[in-house]
Visitor: 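One structure, as structure tokens, below. Some questions next.
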Amino acid sequence: MKALLYPVDPLISPLPITTKNRVFSNPQFRIPIKRVGKRCCIAIKAVLDSASIEELRHQEPDIKNPALSTSYRNSKFPKPNQTVLDAQTKVCTGPTQTKPLNEEQALKVLDTILRSAKGGLKDEDPVSKAQLGAFFTAMTIRANAFPEPTQWSEGERRAMDHYWPQLIRVLPKDVIFIADPEDSIMGIGSSIGPKFVGNSTAEMRLVGALREVLAGGHLGYEEVQGVLKDILPLKVEEMGSSNVSESLLSAFMIGQRMNRETDRELKAYCLAFDDELGPAPVADVNSLTHYGEPYDGNTRYFRSTLFVAAVRSCYGESCLLHGVDWMPPKGGITEEQMLMFMGANTQLTPSQAKMLLEDNEVGFAYVSQREARPSLYSLIGLREHIKKRPPLATAEKVQQIVRARGKEAIVAGFYHGGYEEPLLMLMRRRGVHAGLVVKGEEGALSMTTRLRSANASKGLPVNYCSGFRSVNLAPACAVDGVSRESFNIEVNASDYGFASTDTPRTDRSVSSISLVLFQMFFLFPGFDLYFASIKICQIKIQANICNAQKRLGPAYFATKQKEKEIQATQVTQNAESSTDQCTNKEEVEIADMQIKEKANMEERVEEDVARNIELGLAALRGDKGPAYDRIVLNAGMVDHLLGSDGAQDISAAFDRAREAIDSGKALRRLLNYIKISNKVIS
């Protein structure tokens with residue numbers, strides 16, 4: 001162990017300690033970072049007492065070292081056809097946001113659908129049933145219910161007149177029903193749409209509901225819940241269900257979003273599967289905040305909520321995070337990816353999360369939708385093919401997977417104006433004491449310290465917050481309107497003494513810091529993330545990532561190499577499949593370039609996650625800067641707006657958040673979570 005931690009090679013040998021690099025006053029908890037020019041320097045030195053070392057020498061690790069995946073997307077999901085997906089981006093949206101296709105675009109899309117239906121689409125992924133359902137739903141609702149500017153363009157009409165006589169001969173009946181449910185759009189004189197009823201009891205209920213949706217109408221609470229419970233969960237392996245067709249289901253979900261869901265419809269989505277696994281466990285904590293980040297993650301900016309939760313837990317504000325490993329349409333960085341990367345257990349049940357919330361050394365927890373709402377999780381593959389966000393994208397953010405004995409609050413992020421009030425409505429329906437919606441960066445919860453640009457887009461600004469808080473301890477649903485205080489505010493960080501700084505990016509190249517650090521975590525089962533006996537005392541290995549890889553754990557890198565060989569084989573097979581269809585050198589080069597770009601994209605996903613973690617850990621170590629300021633801002637401001645105890649004075653709220661970081665308590669709680677989550681038993 002000593003030889004591995006302290007190699008002789010000068011590139012990664014420890015440097016002498018200097019007091020000017022100290023971050024914490026506690027000498028047992030010090031993680032200095034040194035940067036020299038463009039080279040990022042990091043050192044790791046674990047100090048173990050002799051008894052702990054002896055124990056580790058004879059003890060087998062009780063968990064496996066986590067292996068990093070180059071992509072978090074489930075490989076079992078078939079990929080959608082890109083041509084039709086691009087068209088869905090334009091037309092599968094609201095009455096004012098839809099962008100009609102021109103004739104050239106419409107002809108290309110319909111030709112792709114026709115060739116796919118005939119089995120003649122050789123150079124692209126086939127058009128899935130879910131894509132057919134979503135695309136033709138958009139066309140039907142636009143024709144039936146949208147205002148004139150977003151109805152069919154003349155080019156779309158000419159293209160459909162040309163292709164529909166051919167399409168009606170090859171498309172399945174459920175898709176023809178979606179495209180022309182009352183035989184009033186295409187002008188062919190077909191009776192398929194009006195007579196279509198479905199092929200099962202569940203499908204018959206769905207078809208009945210779809211007739212209303214396709215006409216631009218809305219459904220009742222019980223009707224939506226009945227449909228959802230009839231058809232879910234789907235079979236993940238097949239991205240479909242034996243009960244209903246994927247075309248009908250995708251039509252139902254995107255159709256309701258295009259019609260702008262009513263409160264009743266959103267409540268149905270929000271509450272439908274609350275009791276799927278039984279009643280929610282109740283944690284014995286005085287305060288619990290449920291964080292509803294957008295499930296599809298961040299693709300550009302630092303995502304701070306995981307680190308904010310660690311901070312707030314230090315002073316009794318327990319936090320429950322929930323989400324997924326990967327979600328379309330953005331497929332960005334999520335809390336589950338970061339926790340998985342760091343070696344935490346991301347398969348906790350709600351009951352296990354309750355135990356972590358009650359643990360005085362942790363105080364926060366994460367639960368995957370996979371474990372808490374498996375029926376909703378089964379829709380991820382279908383949602384990729386729908387492309388645009390369905391009603392679930394709003395409703396899934398307002399969940400109570402674990403309840404609390406004391407006060408409860410819900411915080412959720414949003415981007416598009418008009419959804420702040422529906423989110424608050426769902427929170428009130430949940431009966432929590434306080435609710436808050438935040439328009440953070442990328443529609444997430446992270447408020448920024450950056451000043452608003454004069455050229456900022458129209459609509460609600462970033463850092464806009466709206467919410468309510470109860471003035472007593474009774475549940476919000478049990479008190480009258482006088483007892484609930486509503487508010488809205490645009491948070492200007494400079495008003496509270498924060499310097500204006502650009503938001504840290506995660507879509508830029510990752511330094512060697514994170515990669516070496518986490519390889520150390522993974523390679524040494526006795527490292528701090530896994531056993532309480534290890535105390536991080538100092539970090540200072542001067543590292544070059546390429547040279548470090550030659551020395552850090554041959555078994556780990558052998559596994560990684562094997563993964564890359566498997567991927568390379570798949571890439572070669574894909575290349576052969578693609579280049580078989582190419583007729584000249586230029587086409588071969590283009591196909592080759594596209595395949596390489598996909599592989600590079602998967603590698604960048606891993607780097608983005610590492611970069612986000614690096615920023616968060618540096619802040620929790622006490623490194624002052626933009627990430628540190630954002631964590632303090634978001635922790636203190638949420639405490640203040642929710643009316644948390646001790647946060648009535650906004651300056652005091654910020655001060656206690658800073659103290660939680662500067663003392664090392666927040667970082668210790670994050671490391672405790674990683675360790676204890678792997679040992680917790682229901």
Side-chain angles (χ1 to χ4, degrees), residues 23-26 28-29 283-291 293 304-321 335 353-366 402-411 432-436 438 445-447 449 465 467 469-471 473 491 493 496-498 616-624 627-677:
V23 177
F24 304 126
S25 58
N26 183 353
Q28 289 186 324
F29 207 131
D284 186 15
V285 295
N286 293 325
S287 176
L288 177 61
T289 303
H290 306 266
Y291 275 92
E293 283 276 20
S304 66
T305 297
L306 174 62
F307 309 101
V308 169
V311 170
R312 295 185 71 227
S313 69
C314 294
Y315 43 80
E317 294 297 332
S318 302
C319 302
L320 181 66
L321 287 64
E335 285 69 33
K354 165 187 172 292
M355 297 173 65
L356 287 167
L357 291 170
E358 295 172 338
D359 192 312
N360 292 330
E361 300 300 317
V362 181
F364 72 97
Y366 171 84
V402 178
R403 304 296 302 271
R405 176 183 54 78
K407 296 186 295 184
E408 290 186 67
I410 298 178
V411 184
V432 294
H433 295 82
L436 175 65
V438 178
L445 282 170
S446 295
M447 288 180 267
T449 62
C465 300
R469 51 190 171 233
S470 298
V471 297
L473 296 182
V491 175
Y496 307 104
F498 291 93
L617 288 182
L620 293 192
R621 287 193 297 264
D623 290 5
K624 305 301 189 289
Y628 177 97
D629 286 348
R630 277 158 179 76
I631 293 173
V632 171
L633 173 67
N634 283 276
M637 187 57 66
V638 166
D639 287 336
H640 178 67
L641 294 178
L642 293 179
S644 301
D645 293 340
Q648 289 75 18
D649 182 342
I650 186 65
S651 296
F654 291 136
D655 286 344
R656 72 177 182 180
R658 291 188 182 97
E659 193 278 333
I661 297 175
D662 294 343
S663 65
K665 294 176 184 176
L667 181 56
R668 174 52 59 190
R669 283 186 178 252
L670 178 58
L671 297 180
N672 285 343
Y673 180 85
I674 295 169
K675 176 184 62 182
I676 297 173
S677 69

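Everything numeric here is computed off the predicted structure, so don't read it as measured data.
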Visitor: Do you know the tightest heavy-atom contact between Ser313 and Ala310?
Guide: OG-O, 2.8 Å
Visitor: Let me confirm one number: the CG-CG distance from Asp645 to Asn286, rounded to the nearest 0.5 Å.
Guide: 8.5 Å
Visitor: For the side chain of Ser304 and the backbone of Ser446, is there at least one donor-acceptor N/O pair under 3.5 Å apart?
Guide: no
Visitor: Just by modelled atom types, is the Ala647 backbone N or O under 3.5 Å from a matching donor or acceptor in the His640 side chain?
Guide: yes
Visitor: Any side-chain heavy atom of Leu321 sitting closer than 4.5 Å to one from Glu293?
Guide: no
Visitor: Is Tyr366 close to Leu356 at the side-chain level, that is, under 4.5 Å between some pair of heavy atoms?
Guide: no
Visitor: Would a 4.5 Å heavy-atom cut-off, applied to side chains only, mark Cys314 and Arg669 as touching?
Guide: yes
Visitor: Please test Leu445 against Asn634 for side-chain contact (heavy atoms from CB on, under 4.5 Å), starting from the C-alpha separation and ending with a verdict.
Guide: CA-CA 8 Å; Leu445 282 170; Asn634 283 276; 5.6 Å; no
Visitor: Considering non-hydrogen atoms only, spot the tightest contact between Tyr315 and Ala635 and give its length.
Guide: OH-CB, 4.0 Å
Visitor: Please work out whether the ring planes of Phe498 and Phe654 are parallel, tilted or perpendicular, with thresholds of 30° and 60°.
Guide: perpendicular
Visitor: At what distance, to the nearest 0.5 angstrom, does CZ of Arg658 lie from CG of Asp629?
Guide: 7.5 Å
Visitor: Which pair of non-hydrogen atoms, one from Ala653 and one from Gly636, has the smallest distance, and what is that distance?
Guide: CB-O, 3.6 Å
Visitor: I want to check something: taking the side chain as every heavy atom from C-beta on, are Phe364 and Leu670 in contact at a cut-off of under 4.5 Å?
Guide: yes
Visitor: Tell me, do Val308 and Val638 make a side-chain contact under 4.5 Å, heavy atoms counted?
Guide: no
Visitor: Are any of the side-chain heavy atoms of Tyr291 and Arg312 separated by less than 4.5 Å?
Guide: yes
Visitor: Indicate yes or no: at least one non-hydrogen side-chain atom of Ile661 is less than 4.5 angstrom from one of Phe307.
Guide: no
Visitor: So, Arg469 side chain and Leu641 main chain: donor-acceptor pair closer than 3.5 Å or not?
Guide: yes
Visitor: Side chains of Leu620 and Val311, heavy atoms from C-beta outward: is any pair under 4.5 Å?
Guide: yes
Visitor: Please name the pair of heavy atoms, one in Ser644 and one in Arg656, separated by the smallest distance, quoted to 0.1 Å.
Guide: CB-NH2, 4.1 Å
Visitor: Would the number of heavy atoms belonging to other residues, nucleotides or ligands and lying under 6.0 Å from CG of Asn360 be above 12?
Guide: no
Visitor: Is it true that Lys624 and Asp662 make a salt bridge, defined as a side-chain N closer than 4.0 Å to a carboxylate O?
Guide: yes
Visitor: At what distance, to the nearest 0.5 angstrom, does CZ of Arg403 lie from CG of Leu320?
Guide: 12.0 Å
Visitor: Testing Lys407, Glu317, Glu408 for side chain to side chain donor-acceptor pair (under 3.5 Å) with Ser287, which one passes?
Guide: Glu317
Visitor: Hey, could you give me the CD1/CD distance between Ile650 and Gln648, rounded to the nearest 0.5 Å?
Guide: 10.5 Å
Visitor: Where is the tightest heavy-atom contact between Val285 and Ala404, given as atom of each residue plus distance?
Guide: CG2-CB, 3.9 Å
Visitor: Which atom names give the shortest non-hydrogen contact between Glu358 and Asp284, and what distance separates them?
Guide: OE2-N, 2.8 Å
Visitor: How long is the straight-line distance from CG of Leu436 back to CD1 of Ile410, given to the nearest 0.5 Å?
Guide: 11.0 Å
Visitor: Is a salt bridge present between Arg668 and Glu361, judged by a nitrogen-to-oxygen distance below 4.0 Å?
Guide: no
Visitor: Distance check, rounded to the nearest 0.5 Å: Leu617 atom CG versus Asp623 atom CG?
Guide: 10.0 Å
Visitor: Check for a donor-acceptor pair, side chain of Ser318 on one end and backbone N or O of Leu288 on the other, with a separation under 3.5 Å.
Guide: no
